[in-house]
Amino acid sequence: MISPNKLIVATAGLALLALESGICQNPTSSPAKPKPLVTDIYTADPSAHVFNGKIYIYPSHDIEANVPQDDEGGHFNMRDYHVFSMDKIGGKVTDHGVALDIKDVPWAGRQMWAPDAAYKNGTYYLYFPVKDKKDVFRIGVATSKSPTGPFKAEPAPIPGSYSIDPAVFSDTDGKSYMYLGGIWGGQLQRWHTGKYDSSLKTDLKKDNEPALSAKVARMSKDMLKFEEPLKDLVIVDKAGKPLLGGDHDRRFFEGGWMHKYKGTYYFSYSTGDTHLLAYATSKSPYGPFTYQGVLMKPVTGWTTHHSIIEFQGKWYIFYHDVELSGKTHLRNIKVRELKRNADGSLETITP
Ligand code: FUB
């Protein structure tokens with residue numbers, strides 16, 4: 001998750017923060033310098049959705065748990081989720097309080113990481129990765145009649161689920177898909193043979209072989225399980241060749257998100273140790289996806305994680321950095337407009 005030699009990114013960020021701190025920032029009028037959306041608690045990994053014409057944000061809730069930093073992200077030891085809402089971009093952000101607590105998830109052990117949410121037939125679904133009691137990440141699901149919760153967790157994780165960072169995309173034909181996965185601390189590499197192998201701590205270390213892929217599965221009609229086994233979401237270069245494990249500037253690391261624009265599926269994700277948000281496109285929700293470029297350059301802090309929504313005719317990217325704390329594991333969410341070129345490609349954001 002975090003490599004000590006990358007702390008320089010956060011340190012450089014702190015220098016920038018010092019420069020920025022005197023500037024009055026506004027997420028709408030000054031897109032180059034958006035403000036943290038929430039300042040009284042730490043928030044990260046914002047999954048934003050528009051439900052009934054309003055924006056709801058489902059982030060991680062970062063806390064200082066005094067767990068030493070390691071490559072597996074042990075210091076990201078979160079224990080609950082809050083839901084936030086906004087009537088408009090730049091408007092008041094309302095904290096709806098604790099929507100789900102780890103103590104109410106019977107199978108959970110530790111580390112509630114980046115969640116996502118979905119709506120279908122009068123029910124809201126909160127999807128969340130948490131380690132089970134054997135310290136293996138699984139994806140849980142909890143339901144509510146309100147987008148702000150409280151959510152009630154199902155008694156067991158989604159069968160066949162593993163790793164982290166669920167992102168649920170509902171297509172225009174009514175089918176929904178879950179995209180998931182994260183390497184290193186997210187444990188995706190531990191499943192590459194189909195069986196869990198706890199000895200694989202970071203990635204496969206096979207630089208000249210195809211990179212580990214994010215996974216995708218169609219959701220069941222009741223949104224509580226997978227309709228099919230998880231499949232690889234392969235990202236290829238413009239020549240159609242799968243990206244390689246050693247291609248750290250382009251290969252998938254974690255934090256996938258799907259959106260659709262004019263019939264094209266856009267899969268965006270973090271490159272992890274190179275701290276980029278990149279994206280790839282396809283004509284199918286299963287891919288293969290063709291790598292297109294960088295969506296956002298590194299933010300301050302080690303992790304980079306985002307979501308993309310359309311709201312009132314404009315596109316927005318929600319993301320996080322460490323402006324408030326300067327610490328990798330104490331993050332704050334932000335939003336800014338996402339601009340598209342005439343050919344559908346995404347403009348690269350320099351945060
Ligand atoms: O918040 C914990 C982890 O950090 C997320 O699951 C990753 O995507 C990264 O942002």
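Starting from 1, each residue takes its place in the sequence as its number. Both ligands and their constituent atoms are indexed starting at 1 by order of listing.
- One option in H75, H329, H305 has a heavy atom closer to atom 8 (O) of ligand 1 than any other, and that option is H305.
- For ligand 1, none of its N or O atoms has an N or O atom of T304 under 3.5 Å away.
- Residue Q111 places every heavy atom at 4.0 Å or more from ligand 1.
- Contact atoms of ligand 1 toward I164: 6 (O) (distance under 4.0 Å to a heavy atom of the residue).
- On a distance-only criterion, D62 and ligand 1 share no N/O pair closer than 3.5 Å.
- With sequence neighbours excluded, the residues forming a side-chain contact (heavy atoms from CB on, under 4.5 Å) with S199 are D197, listed by chain and number.
- Taking the side chain to side chain donor-acceptor pair (under 3.5 Å) definition, one finds that R340 meets it with H259, sequence neighbours left out.
- The contact set between ligand 1 and R331, taken as ligand atoms under 4.0 Å from a residue heavy atom, comprises 1 (O), 2 (C), 4 (O), 9 (C), 10 (O).
- Of all the atoms in ligand 1, the ones that sit under 4.0 Å from a non-hydrogen atom of A114 are 6 (O).
- Atom numbering of ligand 1 starts at 1 in the shown order; those under 4.0 Å from a heavy atom of T303 are 4 (O), 9 (C), 10 (O).
- D62 has its side chain out of reach of H320: every pair of non-hydrogen atoms, C-beta onward, lies at least 4.5 Å apart.
- Any N or O atom pair closer than 3.5 Å counts here, and H320 shares no such pair with ligand 1.
- Polar contact with ligand 1: present for D165 (N/O pair, distance under 3.5 Å).
- Using cut-offs of 30° and 60° for the angle between ring planes, the H49 and W257 rings count as tilted.
- Close contacts between ligand 1 and M78 involve ligand atoms 1 (O), 2 (C) [criterion: under 4.0 Å to a heavy atom].
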